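Index from 1, following the sequence. All values derive from a computational prediction rather than experimental measurement.
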Amino acid sequence: MPAQALEEAVHRFGPIGLAVVWIHRVAPEAPWVVARYVGTAATPGHYFHVLGSATDDPSRPDPGRRTRFDALPNLQYHEVILGFMRTPRGTRWLTDEEICQGVLRAIDSGADRWIVGTVEPWSDHP
């Protein structure tokens with residue numbers, strides 16, 4: 001059903017030029033479904049994939065994700081990794097405001113990979 005809705009939107013309004021995609025692991029194929037509708041081979045769109053800090057866990061590397069997105073000729077793939085913040089009392093997860101501001105900064109930067117907050121050292125995660 002979501003793919004049909006995306007297809008209808010692209011047909012009606014044209015290709016998606018910029019997508020910010022934050023989909024939890026309950027729908028593991030959904031990011032690739034969305035990616036098929038971003039940009040065209042002639043004019044690639046920007047796909048900002050928002051990912052949790054577990055993406056940066058050194059014990060669980062996933063080189064296949066980026067490779068799979070990079071193989072799509074219709075998009076320029078960007079990763080936005082959500083980390084944590086240090087405070088005088090220790091560490092904490094990002095607030096909604098920090099996430100929003102961080103994603104906007106990632107879009108403005110156009111970087112292939114952007115970390116909001118910090119993810120190191122891994123042992124300091126809240």
Side-chain angles (χ1 to χ4, degrees):
M1 187 71 150
Q4 182 181 358
L6 285 167
E7 189 170 327
E8 289 172 11
V10 168
H11 179 71
R12 184 171 177 189
F13 302 109
I16 299 167
L18 180 128
V20 176
V21 180
W22 186 5
I23 300 173
H24 292 273
R25 287 181 268 187
V26 296
E29 289 301 309
W32 284 279
V33 171
V34 174
R36 291 193 326 235
Y37 296 98
V38 177
T40 66
T43 309
H46 291 273
Y47 184 102
F48 287 84
H49 196 185
V50 181
L51 300 160
S53 63
T55 302
D56 228 42
D57 181 347
S59 70
R60 297 174 26 197
D62 182 9
R65 180 186 54 257
R66 180 172 270 297
T67 301
R68 190 171 172 192
F69 280 105
D70 285 344
L72 297 172
N74 58 311
L75 61 86
Q76 294 178 5
Y77 180 68
H78 309 268
E79 289 182 339
V80 182
I81 312 297
L82 302 178
F84 58 92
M85 298 298 283
R86 295 186 187 290
T87 71
R89 295 182 179 169
T91 59
R92 62 167 177 78
W93 294 117
L94 299 166
T95 64
D96 291 344
E97 179 70 21
E98 290 165 340
I99 291 169
C100 292
Q101 291 301 313
V103 170
L104 290 172
R105 285 187 195 110
I107 293 168
D108 286 344
S109 80
D112 287 343
R113 189 165 191 275
W114 187 268
I115 296 174
V116 182
T118 188
V119 293
E120 295 178 337
W122 185 253
S123 60
D124 283 358
H125 275 69

task = Say whether, by atom type as modelled, one donor and one acceptor occur between the side chain of Asp70 and the main chain of Tyr77 under 3.5 angstrom.
result = no
task = Nearest 0.5 Å please: distance from the CG atom of Leu75 over to the OG1 atom of Thr40.
result = 11.0 Å
message = Do Ile99 and Leu51 sit in one hydrophobic cluster, given that two such residues count as connected whenever their side-chain heavy atoms are within less than 4.5 Å of each other, even indirectly?
response = no
task = Mind telling me whether Trp93 and Phe84 have parallel, tilted or perpendicular rings, with 30° and 60° as the class edges?
result = perpendicular
inquiry  = Strictly distance-based, threshold 3.5 Å: is any side-chain N or O of His78 a donor or acceptor partner for the main-chain N or O of Ala111?
reply    = yes
key: Counterpart residues, salt bridge (charged side-chain N to carboxylate O under 4.0 Å, His left out), relative to Arg36 (two or more places apart)   = none
message = I want to know whether Phe48 and Trp22 have ring centres closer than 6.0 Å.
response = no
query = Going only through I, L, V, M, F, W and Y residues with side-chain contacts under 4.5 Å, is there a path from Ile107 to Leu82?
reply = yes
inquiry  = Quick check on the hydrophobic clustering: are Ile81 and Val116 connected, directly or via other members, by side-chain heavy-atom contacts under 4.5 Å?
reply    = no
ask   = How close do Val119 and Gly83 get, heavy atom to heavy atom, and via which atoms?
value = CG1-CA, 3.7 Å
inquiry  = Ignoring hydrogens, what is the shortest heavy-atom contact between Glu98 and Thr95? Give both atom names and the distance.
reply    = OE1-N, 2.8 Å
query = Got Thr91 and His125 here, is their nearest side-chain heavy-atom distance under 4.5 Å?
reply = no
ask   = Does one hydrophobic cluster hold both Phe69 and Ile23, with members joined at side-chain heavy-atom distances below 4.5 Å?
value = yes
query = What heavy-atom pair brings Ser109 and Ala106 nearest, and what distance separates the two atoms?
reply = OG-O, 2.9 Å
ask   = Of the options Val38, Val20, Ile16, Leu18, which is the one that meets Tyr47 in a side-chain contact (heavy atoms from CB on, under 4.5 Å)?
value = Val38
query = For Gly52, does its backbone N or O pair with a side-chain atom of Thr55 as donor and acceptor, under 3.5 Å?
reply = yes
key: Over all atoms of both residues, closest heavy-atom pair of Tyr37 and Ala3   = OH-O, 3.6 Å
message = Nearest 0.5 Å, please: how far is CG in Asp108 from CZ in Arg105?
response = 9.0 Å
request  = With sequence neighbours excluded, tell me which residues meet side-chain hydrogen bond (donor to acceptor under 3.5 Å, both in side chains) with Glu120.
outcome  = none
ask   = Quick one: CZ on Arg113 to CZ on Arg66, what's the gap to the nearest 0.5 Å?
value = 8.0 Å
note = Shortest non-hydrogen pair, Gly102 vs Trp114, comes out as O-NE1, 3.5 Å
note = Leu72 and Ala35 have their tightest heavy-atom pair at CD1-CB, 3.7 Å
request  = Consider only side-chain heavy atoms of I, L, V, M, F, W and Y, link residues closer than 4.5 Å, and tell whether Val21 and Leu6 are in one cluster.
outcome  = yes
task = Would you kindly say whether His46 and Gln76 are connected by a side-chain donor-acceptor distance under 3.5 Å?
result = yes
task = Look at atom CG of Asp96 and say whether more than 12 heavy atoms of other residues, nucleotides or ligands are closer to it than 6.0 Å.
result = no
